[in-house]
S.K.: 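So that we are looking at the same thing, I have put the structure below in structure tokens.
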Amino acid sequence: MEFAKRMEQFGEGVFSRLAEMRKNRVAEGKEVFDLSIGAPNIPPAKRIMEVMAKAVMEPKNYVYAINDTQEMLQAVAQWYQRRYGVTMDADTEICSLLGSQDGLSHIALSILDAGDVMLVPDPCYPIFADGPRLAGAELYYMPQKKENDYVIQLQDIPEEVAQKAKFMLVSYPNNPTAAMAPESFYHELVAFARKYDIIVLHDNAYSELVFDGRSWGSFLSIPGAKDVGVEFNSLSKTYGLAGARIGYCLGNSRVVSMLKTLKSNMDYGMFLPIQAAAVEAITGDQSVVAETRAAYERRRDVLCDGLIAAGWQMDKPPGTMFVWAPVPEQYADSESFVRDLLDKTGVLVTPGSAFGPSGEGYVRMALVQSEEDMQRIVEAVKQSGIFA
Ligand SMILES: Cc1ncc(COP(=O)(O)O)c(C=O)c1O
């Protein structure tokens, strides 16, 4: 058998290596505190599950959905109006995604031809780079450095690269650095995209997970944003619906239309009971969003305050479900630190190198364990003496 050359770029993958390390330790009868994968584990509100369960029992809901229901599109438009103050046209400016991962892995196919230039943040959530790679794009990394509070410096992108670029992806609050960008950055982004005629995709997966009373809205609320691009939004973290696969692409009608056309050839739409659950999630009682935010914030406090007290200096994240922490000086790289940390404490984290060249020197911890387990993690790290 011969397989596609494009598969060669995927290799074994760091998450498979981490899974192997986890398996080996469990086989030795030892405990693992897994902070490596950002899989949300706060369940959805009961009312959302009930609506989905009722719809699941309706025989008529087992046809191909093909299209998004008007009810769902209207609910999403109202949600954008209510939450972000942004007016969306339900018919032309919104389409559903089977989770934003679906959009992130496919949208480049609708915008880029092989060899076209795409601007991608570094470090980044891996599919930001893998989606364009599948489309054969040439990637230009936009560094997100600590000295700039992890915010992309648009003025540092070389003129010839900006001239060639067709598409760029930006995302704050950011995975993996957890950084937020000031509103002024978004104004610069719209001006930059206009100047160089670049389509922008803003991934807004964490707009509802910002802490300490901070607030963040939508890229689409910036004047001119809809002229240059789209935003992805996801119900995975906000409403605990990760496994149901619900996301949206919203904004520029030409970009939305191209993605819709591509997707209409790839999938037959979102299962109708899931569309019903989405409507219930975003139109029903929103107190669940504040509860989820508070739960992640408490986990962050227990983990970060404890680890800082144990001698591991790090910034407390202003949002997201991640902590981006520096690798101690005595380690050669992030992967060797990850191995030693697991060995000495049972805590499994992701090496920063998994997120791109600028990720080396850091590790990412996902806030996916309970407060009690976060406390046990802190104790294990204290006792290991790594930071003594
Ligand atoms: C920045 C970012 N975008 C998108 C996703 C995927 O979300 P979804 O569940 O909507 O596919 C994740 C998941 O961790 C993420 O961190």
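Atoms within a ligand are numbered from 1 in the order they appear, just like the ligands themselves.
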S.K.: Salt-bridge test for Arg299 and Glu371: reply yes if a basic N is under 4.0 Å from a carboxylate O, no otherwise.
M.R.: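 Salt bridge flag = no for Glu371 with Arg299.
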S.K.: Is there a heavy atom in Met321 that sits closer than 4.0 Å to ligand 1?
M.R.: no
S.K.: Determine the interplanar angle of the Tyr172 and Tyr186 rings, folded into 0 to 90°, and report it as parallel if under 30°, tilted if 30 to 60°, perpendicular if over 60°.
M.R.: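 Plane angle over 60°, so perpendicular.
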S.K.: Which ligand 1 atoms are under 4.0 Å away from a heavy-atom of Asp203?
M.R.: 1 (C), 2 (C), 3 (N), 4 (C)
S.K.: Applying a heavy-atom cut-off of 4.0 Å, say which part of Ser236 lies close to ligand 1: side chain, backbone, both or neither.
M.R.: side chain
S.K.: State plainly whether the residues Lys146 and Asp315 are in salt-bridge range, i.e. N to O under 4.0 Å.
M.R.: yes
S.K.: Provide the number and element of each atom of ligand 1 under 4.0 Å from a heavy atom of Ser234.
M.R.: 8 (P), 10 (O)
S.K.: Check each atom of ligand 1 against the heavy atoms of Asn175 and keep those under 4.0 Å away; list them by number with element.
M.R.: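 Those of ligand 1 that fall under 4.0 Å from Asn175 are 1 (C), 15 (C), 16 (O).
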S.K.: Heavy-atom contact check, 4.0 Å cutoff: does Leu104 meet ligand 1?
M.R.: yes
S.K.: When only distance counts, is Ser171 in polar contact with ligand 1, meaning an N/O pair under 3.5 Å?
M.R.: no
S.K.: At a 4.0 Å threshold, what atoms of ligand 1 neighbour a non-hydrogen atom of Ser100?
M.R.: 4 (C), 6 (C), 7 (O), 8 (P), 10 (O), 11 (O)
S.K.: Salt-bridged, Arg17 to Glu335, with N to O below 4.0 Å?
M.R.: yes
S.K.: Should the pair Glu50-Lys46 be classified as a salt bridge under the 4.0 Å nitrogen-to-oxygen rule?
M.R.: yes
S.K.: With nothing but distance in play, are any N or O atoms of Asp102 less than 3.5 Å from an N or O of ligand 1?
M.R.: no
S.K.: One residue to check: Tyr206. Relative to ligand 1, which of side chain, backbone, both or neither has a non-hydrogen atom less than 4.0 Å away?
M.R.: side chain
